[in-house]
Amino acid sequence: MISRIDLRGRSMSRRELLETLPRAELDVETATEQVAPIVAAVRTQGATALRDLGERFDGVRPTHLRVPADAIQEAVLGLDPLVRAALEEAITRVRSVHAAQRPADFAVDVAPGAQVRQRWVPVRRVGLYVPGGLAVYPSSVVMNVVAAQEAGVGSLAVASPPQRDNGGLPSPDVLATCGLLGIDEVYAVGGAQAIAMFAYGAAGSEPGDGETLCEPVDVITGPGNVYVAAAKRLVRGVVGIDAEAGPTEIAILADGTADPSHVAADLLSQAEHDPLAAAVLVTTSVELAGAVESKLTDRVEVTANAARAMQALAGPQSAIVLVDNLEHGLEVVNAYGAEHLEIQTVDAAAVAERVTSAGAIFVGPYAPVSLGDYMAGSNHVLPTGGCARFASGLGVHSFVRAIQVIEYDADALAAVADRIVALADAERLPAHGEAIRARF
């Protein structure tokens, strides 16, 4: 069901290791060619294109592209009490963590009368995408919205695919979560067309739309499939994006003390997301590897999303990787750069401190990825496809910009004037120096 890669006794360069480790085959280039006409249609035709594309891809032509406020409130009232309590607890925990992420302004007195300040300013408007294909994700509403709210963003819009069984509106749970968070600008728009709508805005086409259905945003965030990733690639530069997110991934670094039932359950928890989801176990123990293979076989047969999970586990993106020791295992997981990395070893906290590449690290047997997906307080919108080697997950930092403010008085400028002129002349930019001399 899941392949093995035996790295024991092998000395490999980083390049060789990266080529050997399992990874999902994601063809964003091809998807970009397919998505380009969709983005162009939304840009030029606005709401008309959005309705046509909803009918084409989601099987329903939305009557209301912008969800009426009363539909959001009805969804809140109809929310299962246990689900509501869980969402409210998640919101509280995520908000407390993200409030602590706010960066501090600072001021540096470089010399008497010479000061450089830096202040953090939120972007004006954000578009938050929430998937609704193989599954719907009210938890993604929490992760996206709370981070933006804690950053101080003043205008937030959410888009999620229209659902045939909800009258062309997004999932009731998604709408209810928006309501709990005070978001009233919600669109029944999915996929690449939602990304295009946020990037370029959309003119209305029916009386209920108004002249302008949706104003353009400054930043687009949120997970999605390969077509959402491709659309983000096309509009990057017009707007900011969080990442070109790929299929979800879990890596587990484990030694012989790990419980194979826990390991198998956690691998399966991510494999059920998508046929391209990656599940990787890196272990020093052949015995654990065999026990996990057996537990996976037993569990996958009875899980609700068995077909999807089986395909993910059997795919080239999933494997059990055997390593010589924990030092070797750390080398492997740091090269892999997993979206989610669990550490199930002796002294797991100390091992976790040596991890340099991961979207989020889950330490010990009682911190599974599922905790982070919903209730830990961390954000579950994380870098995939190895991007954790150079990128961070979603947070307050995703929605703020650093602006430097420079203030010098006459004496402070005069003190460095000759040096500025010397550098300007060295770079053959004499007008730069003349701008200094003009003041004295």
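- In this structure, the salt bridge (charged side-chain N to carboxylate O under 4.0 Å, His left out) partners of Asp242, at least two apart in sequence or on a different chain, are Lys232.
- Scanning for side-chain contact (heavy atoms from CB on, under 4.5 Å) contacts around His262 gives Asp259, Gln344, Pro365, with sequence neighbours left out.
- A salt bridge (Lys or Arg N to Asp or Glu O under 4.0 Å) check over residues 277-296, counting only residues at least two apart or in different chains, returns the pairs Arg4-Glu293.
- For Arg43, there are no salt bridge (charged side-chain N to carboxylate O under 4.0 Å, His left out) partners two or more places apart in sequence or in a different chain.
- With sequence neighbours left out, Ser13 forms a side-chain contact (heavy atoms from CB on, under 4.5 Å) with Arg15, Glu16.
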Donor-acceptor contacts, no H, no angles, side chain residues 30-41, under 3.5 Å, sequence neighbours left out:
residue, atom, partner, partner atom, Å
Thr30, OG1, Asp27, OD1, 3.3
Thr30, OG1, Asp27, OD2, 2.4
Thr32, OG1, Val28, O, 2.7

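- The salt bridge (charged side-chain N to carboxylate O under 4.0 Å, His left out) search around Asp52 returns Arg61, not counting sequence neighbours.
- Residue pairs meeting the side-chain hydrogen bond (donor to acceptor under 3.5 Å, both in side chains) criterion with at least one partner in residues 346-355, sequence neighbours excluded, are Glu327-Arg354.
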What side-chain donor-acceptor pairs closer than 3.5 Å can you find for residues 145-157, not counting sequence neighbours?
residue, atom, partner, partner atom, Å
Gln149, OE1, Arg95, NH1, 3.3
Gln149, OE1, Arg95, NH2, 2.9
Gln149, NE2, Leu181, O, 2.9
Glu150, OE1, Arg102, NH2, 2.3
Glu150, OE2, Arg95, NH1, 2.8
Ser155, OG, Arg125, NH1, 2.8

Can you give me every donor-acceptor pair (side chain of residues 165-174, partner residue at least two apart or in another chain, under 3.5 Å) with its distance?
residue, atom, partner, partner atom, Å
Asn166, ND2, Pro170, O, 2.6
Ser171, OG, Asp173, N, 3.2

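- For Arg117, the salt bridge (charged side-chain N to carboxylate O under 4.0 Å, His left out) partners are Glu407, not counting sequence neighbours.
- Listed by first then second residue, pairs satisfying side-chain hydrogen bond (donor to acceptor under 3.5 Å, both in side chains) with a partner in residues 384-401 number zero, not counting sequence neighbours.
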